[in-house]
Amino acid sequence: MPEACTNHDETTLFRQSWTLYDALSEMNYMFHREVYEQVGRLLAERHEAGPWSMLDLGCGNARFLGPCLHRTPPASYTGVDLSPAALEEAGAAYLKGLGRVTLRCQDMLEAVEQDAENHDVIFSSYAVHHLGSAFKQRLFQACSRRLKAGGCFLLVDVAREEGQSREDYLEGYIGTMRSEWKRVPPAQLDEACAHVAAFDFPETLSTLTRMAAEAGLTKSRLIGRHAQHHVLVFEA
Ligand SMILES: C[S@@+](CC[C@H](N)C(=O)[O-])C[C@H]1O[C@@H](n2cnc3c(N)ncnc32)[C@H](O)[C@@H]1O
């Protein structure tokens, strides 16, 4: 079994074939529409409470987050990603016109561990499962330190069932990709399946909740679940 890590190999798909991920999300195979409807509602609630700031870890091109932010603009937004192509699109298209936007080409764990600012909302969508367990634990610790009082870590990600091995998870997920993702051309589907097999290290919900609690984020809420895709909120 390959070891998960924070080296940058896991982002190859996104750096070299950003358009493939973009196409997959547009086809809604990972439930982006449903997930971001829920994210948008949570951000609207936060917006009602007054000015707020956001750090987005693994922001990609912010294609789905962008419209939420345009509806309820944060006082400041910082997006972090390792893909220059995705960041360029984020700035030039999906986040264009928003007030204070900072985009950083950086490893997300490094970014949050070295961050000098605190945030009201730390967000990460479909990126944390690329990290190995020890790095996820560090990420929760760093996020907990970087949240303002009353802030939250809003996590969108795939998760394994309780007791399910990574191998069984992959068999199920890749099986669904091969049987359901019919609009993806075969060569690109092979590429996407190979990426998942090599770089996806999802945890169970109980492990994520435990990691969060150990980092001081003792309140957790499951906002939504769409097959393996989850929307979670962690707070102190
Ligand atoms: C599946 S995409 C998700 C993009 C966007 N957040 C969304 O919801 O559609 C995962 C993103 O995480 C980025 N990524 C993966 N590992 C990373 C890391 N260690 N540091 C920063 N970005 C990373 C990839 O470059 C990619 O843009």
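Just so it is clear, the structure is predicted and the values come from calculations on it, not from any experiment. Atoms within a ligand are numbered from 1 in the order they appear, just like the ligands themselves.
Shown in contact with Asp107 at under 4.0 Å from a heavy atom are these atoms of ligand 1, numbered in order with element: 18 (C), 19 (N), 20 (N). Within ligand 1, the atoms closer than 4.0 Å to a non-hydrogen atom of Tyr36 are 7 (C), 8 (O), numbered from 1 in the order shown. Of all the atoms in ligand 1, the ones that sit under 4.0 Å from a non-hydrogen atom of Ala127 are 12 (O).
The shortest side-chain heavy-atom distance between Met54 and Leu69 falls under the 4.5 Å cut-off.
Side-chain contact, Tyr77 with Asp56: a donor N or O sits under 3.5 Å from an acceptor N or O. Side-chain polar atoms of Ser206 and Thr209 form no donor-acceptor pair below 3.5 angstrom. Looking only at atom types and distance, the side chain of Asp81 has no donor-acceptor partner in the side chain of Gln106 under 3.5 Å away.
Contact annotation: for Phe135 versus ligand 1, there are no heavy atoms closer than 4.0 Å. Contact annotation: for Gln106 versus ligand 1, heavy atoms closer than 4.0 Å belong to the backbone alone. Proximity of Ser125 to ligand 1, defined as any heavy-atom pair under 4.0 Å, is shared by backbone and side chain alike. With a 4.0 Å heavy-atom cut-off, ligand 1 is reached by no atom of Ser25.
Among Val112, Val128, Leu155, Asp115, the one residue that satisfies the side chain to side chain contact (heavy atoms under 4.5 Å, CB included) test with Cys143 is Val112.
At least one heavy atom of Tyr21 sits less than 4.0 Å from an atom of ligand 1. Contact annotation: Glu110 has no heavy atom less than 4.0 Å from any atom of ligand 1.
Every pair passing side chain to side chain donor-acceptor pair (under 3.5 Å) that includes a residue from residues 144-158 is listed here, sequence neighbours excluded: Asn118-Arg146, His129-Asp157.
At least one N or O atom of Asp81 sits closer than 3.5 Å to an N or O atom of ligand 1. Below 3.5 Å of separation, one finds no N or O of Leu131 facing any N or O of ligand 1.
Between the choices His32, His195, His129, Met108, the shortest heavy-atom distance to atom 21 (C) of ligand 1 belongs to Met108.
A cation-pi contact, defined as under 6.0 Å to the ring centre and within 45° of the axis, links Arg166 to Phe201.
Considering all non-hydrogen atoms of both residues, Ser133 and Met211 come closest at O-CE, 3.6 Å.
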